[in-house]
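Here is the structure we will look at.
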Amino acid sequence: MDHTLALDHVVAGVPDLDDAAALLLVRYGLISLPGGEHPLWGTRNRIVPLGGCYLELVAVADEAVAAGTGFGRWVAAMATGEAPWGWAVRTSDIEATAARLGLEVVPGERTRPDGLRLSWRLAGVPDDDPSQRLRPFFIQWDEGTPMPGSVAVPHPAGQVTVRSVEASGSGLDAWLGSPVPIVDLVPGLGGIERLTLLGDGGDLEITPPLT
C-alpha cells in the first residue's frame, strides 16, 4: 500500500484561459487566480483554490513546445474534447509510489506572477497512450512550496470546498493502491466525470467540458 494519498487537483484542459475563467465566474461564482507558465511543456494555467484541492485550468501557450511533450499534447487533446479531464493524487512518498508502479519520477516547476517559484515531483503523467490519459497521475510538492489549493479566495459562491469527485477508468483500484478520500470511482470511459463543490448556497456541479 502506498503512503498517504489525497486528491490534489483536477486538470481541465481548455482552449482559452480567459474564456474559461469568465465562464467559471459567471456560472458558478468561482474566481480563478493567474497561475504561471510551464516552459518545458509549452502550457500555462490558472488556479481555482478549493480549500486544499484545486481546479487547474490549463491551456497551450507555445504550440511548438507543447507539440513536443506528452503533457502539452494531452492538454491540447483535452482542449478539443479528444481526451477527458485528468486528476492528480498527492502522495506523501512519490518514490515509493513510482517504485510500486514502475514509473519514472520527474521534476516540475512554475513561477507565479508574483515571482514565487513552485516546484514538485510527478509520476505517471499521461503521454500519447490513450489509456494513460484515463487514470490519475501522482504529485508530491517540494518542501517549502505553498499549496495552491489552500490560498484564501473571495469566491462569490462563498467558502467553497470539494464535496466529491467522480472519476472513472479501468483498474484504478490497483493503480492507486489505496482509496483516495472524497474520490468516488464510478463506471465510465475514464477521467473526471463530475466535480461536486459545496458553497454557501449549496452544491455546485461541474462536468466537462467547460462550454
Query raised in the report: Please walk me through it: do Met78 and Val11 pass side-chain contact (heavy atoms from CB on, under 4.5 Å)?
Result: CA-CA 9 Å; Met78 282 192 287; Val11 185; 3.7 Å; yes
Query raised in the report: How many angstroms lie between atom CG of Leu40 and atom CG of Asp62, to the nearest 0.5 angstrom?
Result: 11.5 Å
Query raised in the report: Which atom names give the shortest non-hydrogen contact between Gly36 and Arg110, and what distance separates them?
Result: N-NH1, 3.8 Å
Query raised in the report: Are Val162 and Val48 grouped together when hydrophobic residues (ILVMFWY) are joined by side-chain heavy atoms under 4.5 angstrom apart?
Result: yes
Query - Expected output: side-chain Arg121 to main-chain Trp141 donor-acceptor under 3.5 Å - result: no
Query raised in the report: Are Val58 and Val65 connected in the hydrophobic side-chain network, where two residues link if heavy atoms are under 4.5 Å apart?
Result: no
Query raised in the report: In chain order, what residues pass the side chain to side chain contact (heavy atoms under 4.5 Å, CB included) check against Pro136, with sequence neighbours excluded?
Result: Trp87, Val89, Leu172, Trp175, Leu176
Only distances under 3.5 Å count here; give the side-chain donor-acceptor pairs of residues 183-197 to other protein atoms, sequence neighbours excluded, each with its distance to 0.1 Å.
| from | atom 1 | to | atom 2 | distance (Å) |
| --- | --- | --- | --- | --- |
| Glu193 | OE2 | Ser168 | OG | 2.6 |
| Arg194 | NH1 | Glu205 | OE1 | 3.0 |

**Report entry** Heavy-atom pair of closest approach, residues Pro15 and Ala59
**Finding:** O-CB, 4.3 Å
Query raised in the report: Are Leu134 and Val75 grouped together when hydrophobic residues (ILVMFWY) are joined by side-chain heavy atoms under 4.5 angstrom apart?
Result: no
Query raised in the report: Taking atom OG1 of Thr211 and atom CG of Asp19, what is their separation to the nearest 0.5 Å?
Result: 11.5 Å
Requested in this report: In sequence, state the C-alpha distance, the side-chain angles, and the governing distance for Leu101 and Phe138, and then conclude on side-chain contact (heavy atoms from CB on, under 4.5 Å).
Outcome: CA-CA 11 Å; Leu101 296 170; Phe138 300 92; 3.6 Å; yes
Query raised in the report: Between Leu17 and Leu33, is there a shared hydrophobic cluster once you connect ILVMFWY residues whose side-chain heavy atoms come closer than 4.5 Å?
Result: no
Query - Salt bridge Glu56-Arg46, side-chain N to carboxylate O under 4.0 Å - result: no
Requested in this report: Give me the one residue out of Glu37, Arg44, His38 that meets side-chain contact (heavy atoms from CB on, under 4.5 Å) with Trp41.
Outcome: His38
Report task. Verify the cluster assignment for Met147 and Val153: are they in a single hydrophobic cluster under the rule of side-chain heavy atoms below 4.5 Å apart? Result -> no
Report summary line: Here the gap from Asn45 atom CG to Thr43 atom OG1, rounded to the nearest 0.5 Å, amounts to 7.0 Å
Requested in this report: Identify, with sequence neighbours excluded, every residue that meets side chain to side chain contact (heavy atoms under 4.5 Å, CB included) alongside Leu198.
Outcome: Thr161, Arg163, Asp203
Query raised in the report: Taking atom OG1 of Thr145 and atom CH2 of Trp120, what is their separation to the nearest 0.5 Å?
Result: 8.5 Å
Query raised in the report: Which pair of heavy atoms, one from Pro49 and one from Ile31, lies closest together, and at what distance?
Result: CD-O, 4.2 Å
Report summary line: Interatomic distance, CD1@Ile139 vs NE2@His9, rounded to 0.5 Å, equals 5.5 Å
Report task. For Tyr28 and Leu55, run side-chain contact (heavy atoms from CB on, under 4.5 Å): C-alpha distance rounded to whole Å, both residues' side-chain angles, the deciding distance at 0.1 Å, then the answer. Result -> CA-CA 13 Å; Tyr28 301 104; Leu55 173 62; over 6 Å; no
Report task. Mind checking the CG-CD spacing from Leu103 to Glu95? Nearest 0.5 Å is all I need. Result -> 11.0 Å
**Report entry** Residues Val165, Cys53; criterion side-chain contact (heavy atoms from CB on, under 4.5 Å); working and verdict
**Finding:** CA-CA 11 Å; Val165 170; Cys53 309; over 6 Å; no
